[in-house]
Amino acid sequence: MPRTEPIKAVRGVRDILPDQRGLWRVAEQAAANVARRFGYREIVTPLIEYRELIERLGEETDAVAKELYGFEDRGGRHLALRPEATAGVVRAYFEGGLNQRPQPARLYLIGPMFRYDRPQKGRYRQFFQFNVEAIGGASPALDAEVIELARAWLLESGLSDLTLDLNSIGDDKCRPAYLGLLREYYRPLKEKLHPDCQKRLEVNPLRLLDCKVPQDQPFKAGAPRITDHLCDDCQAAWVMVRRLLDEAAIKYNLNPYLVRGLDYYTRTVFEFYPTSSSGQQDTVGGGGRYDGLAEAEGWPSTPGVGFAGGLDRVTELMAAAGEEVIVEPAAEVAVLPDAELVAEAAEVARLARALRSVIVDFEPRSLRAKMRAADKLGVRWALLLGAADAKRRVAQLRDMTTGEQAEVAWSELPERLA
Ligand code: AMP
């Protein structure tokens, strides 16, 4: 690269600029508020984990197989930037002894995730998620609670036009027999399937149901549905989750094709997406029960249920819905000194900061130019400081909305700015 070329951001990542942060803050604060209302406490886990922990999520998932940001550190450890939060949160739950506390542990996390995906609109290599996990509880009421929490967050962020899809994928008692039926149904159709789906038929037949290839779509309608083949426990949970959602007046769409193709996922799966969109491609968030995950990580078998929502998509939808966040001015007061009055200006600013946010214009430009800049920043007051005034320890306080101006002693600044 020639020396003169400025170095740009890495492909697939982006900056969130100060004017955009307001919208993000609304979504993040809504997340924290809603989580707290439901009794979920914040947890922060590292962005890096052992690659193996992530790989236990399942080496055939896209997030792990194709999209992992893996690297070797100076100590020769094989690490990865986390592609999702649940693996790390479950690890922290055991390592931090949260499994010894009253169960379930209700936890939430907001932070960046990394996937080496093909960048496009709404899809980034570093993106942000709001995660909610209830670990150590098997009650289907927790599934409904997590869904209700997720929905409350989306509503509080101003997104009301969302559809919720719901399904149950059974557990290791009933799923194997169902997968047998699914294979039986698809085998005679094998030659007509897309090559990827031919492979799925043998390796991971559940994934045939969420295949997006057009040529395979017509076969889905006739496929057996797992919710017709649940064992008694899974059936009871399935009934309970829906009853609780009904009682909470939460509308959902039963989607027999909504699946997760990994063994540690059990029972409830759900997804939220904009009603106007074509569905799963544009999900703003989703989740489900993962009763087999703790064991897959090498810990004692422990049930859990969670949700992951994408802040990038949520803020994009908020902006598209015309949600406006008043851009806060950087400061309420601008001190505009003559060029040589650096120390005096800093002192005036310090006094005014007792009450107000204050910036100082140290740039070598005319008072007129400083006034224009202060106006653009949206400050409420300007404090004009000339040499004669500085000697008498006074300044000119100008109200930027009315244009009124009056002399004020430095010592009186806190009262005058109150
Ligand atoms: P997942 O962990 O794949 O279920 O994703 C949960 C949510 O995270 C999705 O519904 C998206 O809103 C968001 N998300 C996932 N991958 C990306 C990405 N590459 N860029 C932006 N948002 C993403």
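Sequential numbering from 1 along the given sequence is applied to the chain's residues. Counting starts at 1 for both ligands and their atoms, in listed order.
Taking the six-membered ring for Trp and the full ring otherwise, the centers of Tyr290 and Tyr264 sit at least 6.0 Å from each other. In summary, the aromatic rings of Trp24 and Phe128 are positioned with their centroids under 6.0 Å apart.
Using the six-membered ring where Trp is involved, Tyr108 and Phe130 have ring planes that are perpendicular, over 60° apart on the 30 and 60° scheme.
For atom 15 (C) of ligand 1, the nearest non-hydrogen atom from the set Tyr124, Tyr116, Phe272, Phe127 comes from Phe127. Comparing Asp117, Asp282, Thr283, Leu311 against atom 9 (C) of ligand 1, the shortest heavy-atom distance belongs to Thr283. Checking Glu316, Glu84, Arg260 against atom 4 (O) of ligand 1, the nearest heavy atom belongs to Arg260. The nearest non-hydrogen atom to atom 2 (O) of ligand 1, considering only Glu271, Lys121, Arg115, Arg118, comes from Arg115.
For ligand 1, none of its N or O atoms has an N or O atom of Gly309 under 3.5 Å away. For ligand 1, none of its N or O atoms has an N or O atom of Ala308 under 3.5 Å away.
The shortest contact between atom 11 (C) of ligand 1 and any protein heavy atom is with Arg313 NH1, 3.5 Å. Atom 13 (C) of ligand 1 has its closest protein heavy atom at Gly310 CA, 3.7 Å. Atom 21 (C) of ligand 1 has as its closest protein heavy atom Gly122 O, 3.2 Å. Annotation: atom 5 (O) of ligand 1 to nearest protein heavy atom, Gln129 NE2, 3.5 Å.
Atoms of ligand 1 found under 4.0 Å from any heavy atom of Gly285 (numbered from 1 in listed order, with element): 10 (O).
Ligand 1 is approached by Arg123 to a heavy-atom distance shorter than 4.0 Å. Distances from ligand 1 to the non-hydrogen atoms of Gly286 include no value under 4.0 Å.
Between Ile169 and Tyr178 there is no side-chain heavy-atom pair separated by less than 4.5 Å.
Atom CZ of Phe219 is surrounded by more than 12 heavy atoms from other residues, nucleotides or ligands within 6.0 Å.
Electrostatic pairing of Arg21 and Glu28 counts as a salt bridge here, judged by a charged N lying under 4.0 Å from a carboxylate O.
Here CG of Leu149 is found 8.5 Å from CZ of Arg37. Values are rounded to the nearest 0.5 Å.
Under the 3.5 Å distance criterion, with hydrogens and angles disregarded, a donor-acceptor pair is assigned to the side chains of Arg82 and Thr45.
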